[in-house]
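Below is one structure, written out as structure tokens, with a few remarks after it.
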Amino acid sequence: MSRPAQRSRRQQPAQKLSRRTPLKRASRAKWVYLFDEGDASMKALLGGKGANLAEMTKLGLPVPPGLIVTTKACNAYLASDGFPPGLWDQLTSALAKVEQRTGKRFGDARKPLLVSCRSGAKFSMPGMMDTVLNLGMNDTVAARLSVLSADRRFAFDAYRRLVQMFGTVVLGLPDEPFEEVLARHRNVRGIANDADLEADDLAAITDEFKEIVRARTGKPFPTDPIEQLRLAVEAVFRSWNGKRAIDYRNAAGIPHDLGTAVNIQTMVFGNLGEGSATGVVTSRNVTVGEDEIEGDWLANAQGEDVVAGTRATHAIATLGDAMPKVWRQFTSACKKLERHYRDVQDIEFTVERGKLWILQTRDAKRTAQAAVRIAVDLANEKLITRAQAVGRVTPEHVDFFLHPQFDAAVRKAAKARGDLIATGLNVSPGAASGILAFDADTAERWAREEKKAVIMVRPETKPDDVHGMLAARGILTSRGGRTSHAALVARQFGKPAVVGVAALNVDEKSRTFTVGGRMFREGDAVSIDGTTGEVFAGALETVVPDFNDPYLLTLLKWADAHRTLGVWANADYPRDAERARSYGAEGIGLTRTEHMFFETDRLPIVQKMILAKDDAERDACLAELLPIQRRDFAGLFRAMDGLPVTIRLIDPPLHEFLPSHDELLRDVTELETRQRIAGAELAAGADPLGLAGTLAQKRKLLAAVEAMREANPMLGLRGVRLGIHLPSLVRMQVRAILEAACECAREGVKVKPKIMIPLTAHNNELKVERAILEAEATAVMREQKTRVRYQFGTMIEIPRAAITADQIAKYAEFFSFGTNDLTQTTFGISRDDAETGFLQEYLEKRILPENPFATLDQAGVGKLLQVGVALGRATRPDLEVGICGEHGGDPKTIAFCHATGFDYVSCSPYRVPIARLAAAHAALADAKGA
Ligand code: ADP
Ligand code: MG
Ligand code: MG
């Protein structure tokens with residue numbers, strides 16, 4: 001130990017100011033605030049930690065006195081690589097006030113004040129920046145503190161902590177050499193915990209620590225408290241630009257120019273024997289949301305011990321037994337903070353010889369489940385309004401309830417076993433485990449027939465794989481991005497999916513994949529987490545979060561009370577409709593009738609209908625399809641009793657119902673070859689395998705497919721064009737709709753059919769098509785002797801339709817914006833080609849800010865929506881307007897639809913609860929803005 005601290009402080013050469021120098025007028029900017037000069041509204045200037053320390057001081061809570069150096073000072077420091085003029089003067093004079101309040105003096109060995117130097121930015125960045133405790137310690141102070149506290153062990157415990165923290169945080173030394181010293185001393189004593197080291201050990205350790213500093217930096221550990229403080233403040237400023245902090249800000253979307261504040265706070269000591277303690281709690285359980293304090297504490301410890309995990313902590317409830325009086329004060333302080341901030345708090349505290357101190361509070365992070373319950377509870381407790389409760393829950397929180405999850409403990413154990421084998425893109429949330437199937441047919445067979453849980457793994461998926469995807473519990477691919485086929489289908493159907501797992505080497509031939517040197521075969525168990533993108537070996541247990549969680553249902557009911565936008569669902573089958581309804585859908589906005597044509601028992605009839613050589617043959621097929629479609633529609637009407645059901649007439653080009661051209665060509669060629677080889681036998685009239693018959697049939701199919709082949713099917717014979725071209729097909733559909741409606745109406749079901757014509761570009765298309773269909777509808781009702789109210793409407797999915805919507809509205813009672821196709825036709829890009837190709841590049845290069853197929857391109861496609869709504873309503877003021885593209889479930893698009901005056905959005909059943917919340921958020925934002 002060199003000079004007395006008191007003297008060296010006055011000798012600060014760079015900072016020629018002693019505390020006795022009156023503050024000069026020259027320092028205009030206010031860089032420093034005492035805790036009682038700030039409040040919670042000043043987070044940008046004082047940082048979250050500082051602003052809340054100030055607020056708690058104001059509230060009269062026991063906060064150790066201190067001061068805050070502003071974020072502006074940090075920015076000024078970082079810009080000029082030095083303290084801005086006036087800062088140090090202000091800091092030392094504020095410190096003098098803290099000294100007055102505590103009756104101690106910083107650097108004065110007689111009544112030593114120790115302080116902590118704590119980082120704290122506007123947004124909390126847990127563990128990203130630095131804090132140093134016990135500044136002001138040196139040999140003289142430690143000796144004196146030993147006497148004052150009558151606890152030499154405490155004094156040297158505090159000292160060795162300072163040297164260690166200062167060495168690592170301020171001087172940038174690695175932690176290992178310090179930890180090695182501690183470990184060696186523990187070994188000598190045969191103890192496991194630092195807490196059991198004795199005073200002599202700690203004194204010796206302090207000396208060794210100082211030696212580490214000297215040896216590694218070439219300079220002695222600074223024993224001058226003012227020097228310690230200055231270096232610590234600079235280190236905290238600099239930690240704003242540490243790699244850790246920058247990475248965190250990039251990930252969390254926090255701007256890089258905010259800077260951190262520095263809090264200089266009187267130390268209070270939780271390591272002053274068994275009557276002292278420290279801990280961290282949340283004022284409620286933030287895992288499930290119960291109203292009970294949750295957290296950990298340790299006797300005889302300093303703050304960092306609790307989070308470091310080096311000592312086994314106690315559950316906070318046991319603090320009540322150990323320190324009943326402190327516990328009462330503490331629980332009431334927690335309640336007070338919660339009431340004041342009107343939210344659950346994350347609170348640090350320390351008990352110094354029976355006296356409670358609060359060291360930090362902030363709004364607590366929480367799980368989705370807890371977020372919902374807490375919001376509802378706080379509203380019921382009248383701490384917040386119901387509208388605020390709705391505002392506090394995010395679409396992601398609601399999404400959580402719709403997907404199975406892995407238990408946190410199960411996941412942790414799997415990681416500890418080394419079973420986390422890879423990570424990919426988390427494209428469809430939820431957890432799933434099952435056995436690997438390498439193709440869609442196997443996946444479907446195992447799932448449907450053998451009732452096994454299957455994870456379907458593919459390099460990537462194609463439309464032919466959908467049946468396997470639907471049967472599987474989860475989907476895993478080694479290629480593809482967020483907009484790949486696998487990702488889209490998975491999201492649409494609520495299947496957990498991880499895609500683009502590049503580390504996965506899928507070998508379709510041997511039906512295996514390898515990853516990190518491990519090989520997995522078909523039938524082996526794996527688990528995927530579509531929420532995090534993780535892939536695990538083995539079957540991890542999943543827990544199904546309950547959508548019928550009473551808190552969620554309450555919250556969504558509150559959301560419904562605020563929203564003005566309707567929420568409908570896209571559903572093709574009665575079971576989807578039922579699910580949608582149970583999730584709160586108020587109608588079906590889109591039923592794709594062609595999905596019904598793909599079912600295995602129907603496809604042959606559909607194909608026969610397409611290949612019919614004359615009207616008679618076609619009509620026979622249609623007659624076969626009619627009762628099937630009628631049953632489908634009746635099922636939907638019954639499931640949606642009382643609510644509208646929008647049924648879209650056939651949309652895709654017919655070739656989609658036939659085998660692919662390339663496949664047929666291959667088959668024909670192969671059959672021809674086999675026939676040639678077997679030529680002689682065949683000539684003799686023997687054809688046991690029926691080659692000739694098969695070949696003839698395939699040739700016929702091939703010819704038909706060739707005849708129907710289009711260069712650009714997306715822009716070809718489909719939608720309303722197909723209806724006009726093949727009127728008997730759509731007439732059959734309309735007949736099925738109305739027959740089903742009449743039948744249900746007679747049963748007492750309230751039916752509200754809406755017949756929707758796809759892909760209109762010109763009002764004349766609608767005029768012609770509608771005349772045909774109206775005639776059929778009228779005929780059916782006459783036959784059935786039943787009247788039902790129904791509507792005709794159209795999809796708006798071609799720009800021409802949007803900009804001539806006034807014409808179109810003459811023939812349509814409702815519009816439904818098909819934003820998937822409208823996005824394709826507006827951008828002039830084909831989605832299938834884009835998403836497997838250049839779209840990813842566009843997103844990476846930020847040529848497009850977002851995938852326009854996921855969130856609506858408001859400036860372009862959105863403009864067409866606005867124009868379409870305005871023109872349509874100019875012709876027909878009561879025109880009903882909705883959206884049924886995938887965008888209907890996207891919160892940003894929902895806000896746009898609300899603002900554009902839509903009547904409803906229609907989305908996948910799984911997005912319905914999210915859409916209800918998002919629509920409420922849009923209405924609340926609207927009310928706020930007005
Ligand atoms: P972090 O932001 O990483 O939590 P903190 O600045 O909150 O860093 O400090 C780290 C630990 O030190 C916390 O447990 C905190 O309660 C404790 N601590 C900070 N300042 C003091 C002080 N003046 N007296 C006692 N403990 C303190
Ligand atoms: Mg903290
Ligand atoms: Mg379409």
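One-based numbering, in listed order, for ligands and for the atoms of each.
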Across all chains, not counting sequence neighbours, the side-chain hydrogen bond (donor to acceptor under 3.5 Å, both in side chains) partners of E348 are R118
Polar contacts were defined as any N/O atom of the residue lying under 3.5 Å from an N/O atom of the ligand; does this apply to T350 and ligand 1? no
Take N52 and Q360 through the side chain to side chain donor-acceptor pair (under 3.5 Å) test and state the conclusion after the steps. CA-CA 7 Å; N52 283 333; Q360 189 172 338; over 6 Å; no
Only pairs under 3.5 Å count here: list side-chain donor-acceptor contacts from residues 245-254, not counting sequence neighbours, and write none if there are none.
unit_1 : atom_1 : unit_2 : atom_2 : d
D247   : OD2    : K243   : NZ     : 2.8
R249   : NE     : H256   : ND1    : 2.9
R249   : NH1    : W240   : O      : 2.8
R249   : NH2    : W240   : O      : 2.9
R249   : NH2    : H256   : ND1    : 3.4
N250   : OD1    : H256   : NE2    : 2.7

So the atoms of ligand 1 within less than 4.0 Å of a heavy atom of L133 turn out to be 12 (O), 18 (N), 19 (C), 20 (N), 21 (C), 27 (C)
For F237 and F83, take the angle between the two ring planes, folded into 0 to 90°, and tell me which bin it lands in: parallel under 30, tilted 30 to 60, perpendicular over 60. perpendicular
Number the atoms of ligand 1 from 1 as they appear, then name those within less than 4.0 Å of a heavy atom of V268, with their elements. 24 (N), 25 (C)
Please output the side-chain donor-acceptor pairs of residues 53-61 that fall under 3.5 Å, not counting sequence neighbours, one pair per line with the distance.
unit_1 : atom_1 : unit_2 : atom_2 : d
E55    : OE1    : A40    : N      : 2.6
E55    : OE2    : H340   : NE2    : 2.6
T57    : OG1    : L53    : O      : 2.7

Check this for me, if you would: do E234 and R230 make a salt bridge, where the nitrogen-to-carboxylate-oxygen distance has to be below 4.0 angstrom? yes
Close-contact set for ligand 1 against T266 heavy atoms, below 4.0 Å: 22 (C), 23 (N)
Polar atom proximity, S116 to ligand 1 (N or O, under 3.5 Å): yes
Show the atoms of ligand 1 that are less than 4.0 angstrom away from any heavy atom in G303. 14 (O)
With heavy atoms under 4.0 Å as the rule, classify the contact between E348 and ligand 1 as side chain, backbone, both or neither. side chain
Examine ligand 1 and decide if any of its atoms is less than 4.0 Å from a heavy atom belonging to Q302. no
Could you tell me, atom by atom, which parts of ligand 1 come under 4.0 Å of a heavy atom of K49? 1 (P), 2 (O), 5 (P), 6 (O), 7 (O), 8 (O)
Counting only heavy atoms not in K412, do more than 12 sit closer than 6.0 Å to its NZ atom? no
Ranking L135, L359, V306 by closest non-hydrogen atom to atom 26 (N) of ligand 1, top hit is L359
Nearby protein N/O/S atoms (those under 2.8 Å) for the Mg ion (ligand 2), with water ignored: E348 OE2, Q360 OE1
Gap separating the CG atom of L197 from the CZ atom of R153, nearest 0.5 angstrom: 7.0 Å
Within the 4.5 Å heavy-atom criterion, are R161 and L133 side-chain neighbours or not? no
On the 0 to 90° scale, with breaks at 30° and 60°, tag the F349-F330 ring pair as parallel, tilted or perpendicular. tilted
Just verifying a value: how many Å separate R411 CZ and L420 CG, rounded to the nearest 0.5 Å? 9.5 Å
